**Student:** 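Before anything else, here's the structure in question.
Every value quoted in this text rests on a predicted model; they were computed, and no experiment measured them.
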Amino acid sequence: MISWNEIKSRAMAFAREWADVSSEDAEAKTFWNEFFHIFNIPRRRVATFEQRVKKIDGRDGYIDLLWKGTLLIEHKSRGKNLDRAHQQALEYFPGLKDRELPQYIMVSDFARFRLYNLEDGTRHEFALQDLHKHVHLFGFIAGYQVHAIREEDPVNIKAAERMGRLHDQLKDVGYTGHALEVYLVRLLFCMFADDTGIFQRQEFQEYLEQRTHEDGSDLGHHLATFFHVLNTPHDHRLKNLDEQLAAFPFINGKLFAESLPPASFDAAMRQSLLDCCGLDWSRISPAIFGSLFQSIMDKAARRNLGAHYTSEKNILKLIKPLFLDALWQQFEKIKHNDKKLGEFHQYLRTLTFLDPACGCGNFLVIAYRELRLLELAVLRLLNPDGQQIIDVQKFVLLDIDQFYGIEIEEFPAQIAQVALWLMDHQMNLKVSEEFGRYFARIPLKTSATIVCENALRLDWNDIVPADRLSYIMGNPPFIGHHLQDKEQKKELRDVLNGIKAAGVMDYVSAWYVKGLEYIQKTHIKIAYVSTNSIAQGEQVGILWRHLFDRYQVKIHFAHRTFKWSNEAKGVAAVYCVIIGFAAFDVNDKSIYHYEDIKGEPFKIKAKNINPYLLDATDILLKNRSKPICNVPAMKYGSKPTDGGNFLLTDEEKEAFLIKEPKAEKYVHPFISAREFLHNKKRWCLWLVDAEPAELRQMPEIIKRVEAVKQFRAKSIAKSTREYPFHTLFRQVTQPISDYILVPSTTSENRRYIPIGFLSKNIILSNASFAIPNAGLYHFGILESEMHMAWVRYVCGRLKSDFRYSKDIVYNNYPWPENPSDKQKQAVEAAARAVLDAREAFPDACLADLYDPLTMPQVLLKAHQQLDKAVDAAYGKKSFATEADRVAFLFDLYGKYISQT
């Protein structure tokens, strides 16, 4: 490829030559042939003069010059109206196929140029004599085009959809499995190469259009030959090889080494391939497209294209605090010292990275791109006269052989390998643009090490010895214990060997253990995106106690819970944390806190980060059967396990009692969190202490009891099948006194969890908790901001909703230490005011009253007064942040358990 210096020199010569040509002697075809010569591109190879098209009115039109898919030129005589020329160019569009539509329109009258970029909507106009000043605008002609990659760019989706269509067509004719996957990856590389200067611009597309039959019958054979040529060095190719094929470069890199069975194409399949070629692949992000490309293998997943990639924004949340921010800070400190800058450049070359669940390589690709951008900043300072560099390759040190990945599936592993090559080429184009010298690593001589293995069954030292690695990063799969298959459960048990209660752990926890095993006695740092369940609820105590005791883990940075999602319709959001850790400590620790889990975080400096992602000591909560403080015990509600046969709606209750009026005394209100929060009614048959003889007189009850028996007999749980009391709920825990109800699940959006007092005659379901013998003081503490802060940090989550737990949340909660009678009475009075405020709205349900959008002012003020009373009972007036509040509670918790 021609250098920028040479292009500028030719542009100045071109302008001088044509400035002296009179209007009468000027000849447009010669003008444009010589214009293309500036970029060392034979015009006849890429563009056609007087291309005939059908205009929208049905008449024939003739485009002055058309480079299909790239550039449309409309030329006028000197001094003519260029606005009219532009309008005329647009009138040709209806006669062009989609893949022929240009990205640029250029209009000219010999003396003036006007270039329209249809991608970003910009327009540039300049005189002939200033061409050399604006020649960078035409980098796309020479292959220097570097787009600002946008992850939301529709071309990413369009590319995946078109590749998906081709994938289906090949699969439908019987081309499947490994061969299909490799074939598609090769085509992906070729189309990218066609638009980014690896091949001559659109060289691959032109070969397909010009040398294969429209019916597609010979396309498979041509591609087989083409792949073989790309894998053959020029000096080993046949001497009589077709001239068009011989012009393609030797690629190497083993991408085209494997011999594949030839594919068979028809006309529709050939058209699909050409439609793919018609896209501008230089606009496509290798990081994003990798996951989109993987999703084409699954038609169901393809319906939500755009949902299956990790966004660059989220990847940067991990790699910036892991290593990138520190590297840029180091660069800023030494950038005026050439010696230290050179040493820093050499240091960048020594860094190595592993993603042990790399998928399509998103993290590796973005990390490599960011490092190359940093290297480019170094090169600018080391070479202030960069345009004078003769051999750019000697100055670029970073390469993709610094990156390692483990991926269990073959197809994404192949994509990861290719995506890193493609990103390397994109960054090489940036270097070329910066220093005016074309730089490409073709043939491919280095590659990333991406192995297709099960990371949980593999010794990572076999991929890269730990003493040669710098960082581990990624987004390992998170799968809840109830969703794991048998093989995954076994892998988890094997890795978590020796950890009690490992069966409840999320699948991602295995990567924490494997990673810490691997990095012992090293300075390797790790950061993972994970489900927030490993920083909440019962998993924290199980996993992190093991990590502390065996591996001396220290958390260096953390992103608290945030919403990992995108705009694809019908896609469930994932609630994640990012945890950066190592087997050694550091002084500089940071917590990224989200006031809005859908928004942006703010950074908090921390002295220590514990597994709950708090700036507090490394205290771990454990499951407790009793409260740590002298307060009433919490218990589960009763569990029917009845197939619905004991439960009744209002309508079912009325119909049942018409048939069985004597059963009325056994029909009790039945309440779960849903009925409690939304003022709904349900009923149940509560046959505790019912006389058998009396039940025998009520056939409708006996019918339902028999149905319960049959339902339980089919259970997979032995204890349920063998449960002998068919008239009773499977678990009977109903309080014998009035009680406080605490919902087991409630919305994250509520500032307070609505709780309330209920009669002992209302049967509580297992979807809520009961606190019998509790009073206004207990209600007030639990309904306060203090308790809610504890809930937000300690509670498990169901999606993003709070999932309350008696053994973790309630039984570990540190109640006020020795409050005075006056302080208790203040809490009780404030608690009564909250209940009174609720009663002022008899027609409103608790869900409405505690909705942040509709919460009445009087209720909110009552809660605020209660918060003040509760804080005072703890001996505090206020806290600067919620995190400070929770840190205080953890300190108090530590004090309590130290006394036991």
**Student:** Is the closest basic N to carboxylate O distance between K895 and E817 below 4.0 Å?
**Tutor:** yes
**Student:** Sequence neighbours excluded, which residues qualify as side chain to side chain donor-acceptor pair (under 3.5 Å) partners of Q864?
**Tutor:** none
**Student:** May I ask you to check whether over 12 heavy atoms, not counting those of K554, lie within 6.0 Å of atom NZ?
**Tutor:** yes
**Student:** Looking at Y368 versus F403, is the centre-to-centre ring distance below 6.0 Å?
**Tutor:** yes
**Student:** When rounded to the nearest 0.5 angstrom, what distance separates SG in C795 from CD1 in I753?
**Tutor:** 6.0 Å
**Student:** Could you verify whether a donor N or O on one side chain and an acceptor N or O on the other, from N812 and Y896, lie under 3.5 Å apart?
**Tutor:** no
**Student:** Is it the case that the side chain of T522 and the backbone of D467 share a donor-acceptor pair, with hydrogens and angles ignored and the cut-off at 3.5 Å?
**Tutor:** no
**Student:** Show the nearest heavy-atom pair for residues K589 and K607, with the distance to one decimal.
**Tutor:** NZ-O, 3.4 Å
**Student:** Roughly how far, to the nearest 0.5 Å, is CZ of R372 from CG of L398?
**Tutor:** 7.0 Å
**Student:** Which residues satisfy the side-chain contact (heavy atoms from CB on, under 4.5 Å) test with Q484, sequence neighbours excluded?
**Tutor:** I479, H481, Q488, K489, L492, Y507
**Student:** Is any NZ, NE, NH1 or NH2 atom of the basic residue among E882 and R885 found under 4.0 Å from an Asp or Glu carboxylate oxygen of the other?
**Tutor:** no
**Student:** Checking K514 side chain against L458 main chain: does a donor-acceptor pair fall under 3.5 Å?
**Tutor:** yes
**Student:** Is the shortest heavy-atom distance from the side chain of F888 to the side chain of M786 under 4.5 Å?
**Tutor:** yes
**Student:** My understanding is that only residues two or more places apart in sequence, or in another chain, count here; which of them pass ring-ring contact (aromatic ring centres under 6.0 Å, His included) with F323?
**Tutor:** F353, Y471
**Student:** I'd like to check the side chain to side chain donor-acceptor pair (under 3.5 Å) partners of R560; sequence neighbours left out, ordered by chain and number.
**Tutor:** H593, Y793
**Student:** Please enumerate all residues that pass side chain to side chain donor-acceptor pair (under 3.5 Å) together with D807, with sequence neighbours excluded.
**Tutor:** none
**Student:** Only one of D588, I578, L613 clears side-chain contact (heavy atoms from CB on, under 4.5 Å) with F557; which?
**Tutor:** I578
**Student:** Kindly give the heavy-atom pair with the smallest separation between A831 and F779, and that separation in Å.
**Tutor:** CB-CD2, 3.7 Å
**Student:** With rounding to the nearest 0.5 Å, note down the distance linking CD1 in I319 to CD in E312.
**Tutor:** 9.5 Å
**Student:** Could you check I315 against N362 for side-chain contact (heavy atoms from CB on, under 4.5 Å), going step by step and ending with a plain yes or no?
**Tutor:** CA-CA 8 Å; I315 292 171; N362 308 44; 3.6 Å; yes
**Student:** Could you label the plane-to-plane angle of the Y592 and H559 rings as parallel, tilted or perpendicular, counting under 30° as parallel and over 60° as perpendicular?
**Tutor:** parallel
**Student:** What I want to check is whether the side chains of D884 and T881 have a donor and an acceptor closer together than 3.5 Å.
**Tutor:** yes
**Student:** Backbone N or O of A872 within a donor-acceptor pair of the Q823 side chain at under 3.5 Å?
**Tutor:** yes
**Student:** Report the residues that fulfil ring-ring contact (aromatic ring centres under 6.0 Å, His included) with W815, sequence neighbours left out, ordered by chain and then residue number.
**Tutor:** H778, Y813
**Student:** Going from CG on N749 to OH on Y850, what distance comes out if it is rounded to the nearest 0.5 angstrom?
**Tutor:** 15.5 Å
**Student:** Over all heavy atoms of both residues, which pair between D506 and G480 is shortest? Give the atoms and the distance, please.
**Tutor:** OD2-N, 3.4 Å
**Student:** F584: which residues meet the ring-ring contact (aromatic ring centres under 6.0 Å, His included) condition with it, sequence neighbours left out?
**Tutor:** H523, H556
**Student:** Evaluate the criterion side-chain contact (heavy atoms from CB on, under 4.5 Å) for residue pair I450 and L364; output intermediate values, then yes/no.
**Tutor:** CA-CA 10 Å; I450 309 293; L364 299 175; 3.9 Å; yes
**Student:** Donor-acceptor pair, Q402 side chain versus L351 backbone, under 3.5 Å?
**Tutor:** yes
**Student:** Check whether any side-chain N or O of D871 sits under 3.5 Å from a backbone N or O of K876 as a donor-acceptor pair, and report yes or no.
**Tutor:** no
**Student:** Check the pair I524, Y518 against side-chain contact (heavy atoms from CB on, under 4.5 Å), reporting the backbone distance first and the verdict last.
**Tutor:** CA-CA 9 Å; I524 298 170; Y518 174 78; 3.9 Å; yes
**Student:** How far apart are the closest heavy atoms of P627 and A633, and which atoms are they?
**Tutor:** CG-CA, 4.4 Å
**Student:** What's the verdict on side-chain contact (heavy atoms from CB on, under 4.5 Å) for Y874 and L892, showing C-alpha distance, side-chain angles and the deciding distance?
**Tutor:** CA-CA 10 Å; Y874 278 97; L892 186 58; 3.8 Å; yes
**Student:** Can you name the residues that form a salt bridge (Lys or Arg N to Asp or Glu O under 4.0 Å) with D325, not counting sequence neighbours?
**Tutor:** K320
**Student:** Atom CG of L469 and atom OG1 of T352: how far apart are they, to the nearest 0.5 Å?
**Tutor:** 4.5 Å
**Student:** Between F562 and Y575, is the ring-ring contact (aromatic ring centres under 6.0 Å, His included) condition met? List the steps.
**Tutor:** CA-CA 6 Å; F562 65 96; Y575 296 87; 9.4 Å; no
**Student:** Indicate yes or no: does K339 engage E343 in a salt bridge with an N to O separation below 4.0 Å.
**Tutor:** yes
**Student:** Just how far is it from atom CG of L318 to atom CG of N475, taken to the nearest 0.5 Å?
**Tutor:** 9.0 Å
**Student:** If you compare all heavy atoms of P816 against all heavy atoms of P819, which two are closest, and at what distance to 0.1 Å?
**Tutor:** O-CD, 3.6 Å
**Student:** Please name all residues satisfying ring-ring contact (aromatic ring centres under 6.0 Å, His included) with Y512, sequence neighbours left out, ordered by chain then number.
**Tutor:** Y528, W544, F581
**Student:** Tell me, please, which residues at least two apart from H546 pass side chain to side chain donor-acceptor pair (under 3.5 Å).
**Tutor:** none
**Student:** Using 4.0 Å as the upper bound for N to carboxylate O, is an ion pair formed by D615 and K605?
**Tutor:** no
**Student:** So, the side chain of N811 versus the backbone of R624: is there a donor-acceptor pair under 3.5 Å, distance only?
**Tutor:** yes
**Student:** E375 side chain to L397 main-chain N or O, any donor-acceptor pair under 3.5 Å?
**Tutor:** yes
**Student:** What are the two closest non-hydrogen atoms of N608 and A616, and how far apart are they?
**Tutor:** ND2-O, 2.7 Å
**Student:** Within the side chain of Y612, is there an N or O that forms a donor-acceptor pair under 3.5 Å with the backbone of I619?
**Tutor:** no
**Student:** Taking only distance into account, with no hydrogens and no angle test, what donor-acceptor pairs under 3.5 Å do side-chain atoms of residues 328-336 form with protein atoms, sequence neighbours excluded?
**Tutor:**
unit_1 : atom_1 : unit_2 : atom_2 : d
E332   : OE1    : K335   : NZ     : 2.9

**Student:** Do the side chains of K490 and D494 get close enough for a salt bridge, i.e. N-O under 4.0 angstrom?
**Tutor:** yes
**Student:** Tell me if the centroids of the rings in F890 and W790 come within less than 6.0 Å of each other.
**Tutor:** yes
**Student:** For R468, check side-chain contact (heavy atoms from CB on, under 4.5 Å) against everything at least two apart and list the hits.
**Tutor:** Y404, V464, P465
**Student:** Treating Q539 as the side-chain partner and M505 as the backbone partner, does any N or O pair qualify as donor plus acceptor under 3.5 Å?
**Tutor:** no
**Student:** Answer with yes or no whether the side chains of T746 and R750 bring together a donor and an acceptor at under 3.5 Å.
**Tutor:** yes
**Student:** Among R751, K868, H863, which residue satisfies the side-chain contact (heavy atoms from CB on, under 4.5 Å) criterion with E785?
**Tutor:** R751
